[in-house]
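Everything below concerns the one structure shown next.
Numbered from 1 within each chain, the chains take letters A, B, ... in sequence-line order. Worth saying up front: this structure is predicted, and the values here are computed from it rather than measured.
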Number of protein chains: 2
Amino acid sequence: MRTTAHAAAGRGTYHHGNLRAALIEAATALLEAKGPLGVTLRGAARRAGVSQTAPYRHFQSKGALLAAVAEEGFRRLARTITRAARRCRDDPIHALQAMAVAMVGFAAKHPSHYRLMSGPAVRGRDHPALREAAVAAWTILTEAVRDCQRAGGIRGGDSAELAFVLWCLVHGLSVLVVDEQLPPAVRQAIPLERLTEHAARLLLEGLGQRH
Amino acid sequence: MRTTAHAAAGRGTYHHGNLRAALIEAATALLEAKGPLGVTLRGAARRAGVSQTAPYRHFQSKGALLAAVAEEGFRRLARTITRAARRCRDDPIHALQAMAVAMVGFAAKHPSHYRLMSGPAVRGRDHPALREAAVAAWTILTEAVRDCQRAGGIRGGDSAELAFVLWCLVHGLSVLVVDEQLPPAVRQAIPLERLTEHAARLLLEGLGQRH
DNA sequence: ACCTGAACACCGTTCAAGT
DNA sequence: ACCTGAACACCGTTCAAGT
């Protein structure tokens with residue numbers, strides 16, 4: 001934030017400011033303001049107060065800048081679900097459900113950012129740091145599943161596999177929300193939070209011990 | 001197909017050929033060949049053998065053309081899952097599982113097309129025909145759920161709500177596949193088809209009568 | 001080491017004009 | 001009714017040049 005204010009004021013020449021961080025910040029602002037199609041390398045440079053070609057000193061391409069923005073998104077997502085889980089450390093199943101709700105809530109609150117994170121603009125294959133951040137978020141969920149298994153809340157077996165199914169469900173809901181593709185019949189009546197809880201509960205019942 | 005051949009041969013002047021269909025076809029070809037970012041209004045026009053501005057007689061904008069391509073994708077998807085279900089008409093639960101596998105298979109086979117269908121490039125809100133096609137596909141799944149309920153395979157209640165949860169799960173998996181975001185631990189060992197079956201089974205157990 | 005300016009090959013879209 | 005050509009305001013990226 002401070003960096004942007006600095007650039008906006010136009011006092012510095014940016015010759016020793018942290019342009020890299022400023023560009024990530026500018027791109028993020030563009031993303032939230034104008035959506036994925038509104039993010040432009042030139043636009044980010046303008047917003048940071050530098051020439052159109054300056055970004056190439058810090059990012060190999062537009063994709064590399066977007067990857068950095070997405071990476072930051074995954075870090076925020078990880079923080080968000082961690083915080084949600086901490087609030088119910090006593091009941092692992094409840095914690096898992098809270099994480100699911102928090103994740104969908106994050107997507108609903110930052111649709112463009114979530115879209116970028118899961119979009120084709122940045123493929124993790126080309127950006128190791130991005131992939132790491134994504135895996136870190138995903139690992140948190142896996143560990144929460146393992147906690148549930150230890151506590152006897154859900155069946156045994158490969159926790160990564162079980163966590164993956166939950167991830168699919170929550171990610172699928174998030175993406176539908178972000179793309180405004182919730183079927184009208186569903187969207188009309190049910191608040192998002194209850195919808196997520198409901199979906200997670202159905203799955204967790206499937207993951208129960210009884211089967 | 002025939003239209004493209006016709007255009008490629010360069011014999012007609014396209015003054016009465018079906019340019020609209022030819023453009024949809026050209027855009028689809030570009031999409032499959034070069035991915036979502038490779039689809040261009042000018043490129044589609046070139047491929048169809050007309051000037052850059054000709055498309056505007058048939059589509060209000062690039063978005064409208066993309067919406068038409070996405071619409072066709074939903075129709076193909078609907079056909080695909082219908083066909084899959086027909087092959088096991090005797091067992092509704094098995095049919096539902098087959099539909100899930102077919103849907104993920106469709107996404108894996110046509111990643112760019114699936115991406116476009118669920119992307120931000122085309123919002124259903126602005127394109128009623130697209131929305132209709134999407135709802136039609138989604139309705140097929142809902143009816144399959146209802147069949148299961150009648151047969152006693154899964155619990156009662158709002159079939160749209162249950163179908164929606166299944167849709168989230170399958171769509172989430174499809175999107176992860178398309179975006180190449182399957183966690184390494186998962187992708188390494190398990191073939192996609194088995195993964196889908198496994199995910200669907202877990203959920204369907206959650207949807208069972210016992211709870 | 002970091003940044004600028006001009007340039008290239010593209011875009012989507014508009015508008016006047018052609019048949 | 002349907003299409004073309006020139007034009008406008010943008011892109012991402014490269015390259016030589018500046019400090």
Looking at [Y] and [X], is there a salt bridge between them, counting it only when a charged N and a carboxylate O are closer than 4.0 Å?
X: B/Arg115; Y: B/Asp179; answer: yes
X: B/Arg76; Y: B/Glu72; answer: yes
X: A/Arg131; Y: B/Glu180; answer: no

May I have the distance from B/Phe59 (atom CZ) to D/dC3 (atom C1'), rounded to whole angstrom?
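Whole-Å distance recorded here is 16 Å.
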
Over how many whole Å does the gap from B/Arg57 atom CZ to C/dA17 atom P extend?
15 Å

Where the side chain of [X] meets the backbone of [Y], is there a donor-acceptor pair that is under 3.5 Å apart?
X: B/Glu71; Y: B/Ala133; answer: no
X: B/Lys109; Y: B/Val104; answer: no
X: A/Glu197; Y: A/Ala98; answer: no

Please state whether the phosphate of D/dC3, meaning OP1 or OP2, lies under 4.0 angstrom from any side-chain nitrogen or oxygen of B/His58.
yes

Going by ring pair (Phe, Tyr, Trp, His ring centres under 6.0 Å), name the residues that satisfy it together with A/Phe59, two or more places apart in sequence or in a different chain.
none

Hey, do the aromatic rings of A/His113 and A/Phe74 have their centres closer than 6.0 Å?
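When the ring centroids of A/His113 and A/Phe74 are compared, they turn out to be at least 6.0 Å apart.
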
Nucleic acid footprint by protein, nucleotides 5-15 of chain C - heavy-atom cut-off 4.0 Å, B for base, S for sugar-phosphate alone:
BBB---BBBB-

Base-paired stretches in DNA chain C with three or more consecutive Watson-Crick or G-U pairs, both distances under 3.5 Å, amount to C:4-8 with D:12-16, C:12-16 with D:4-8

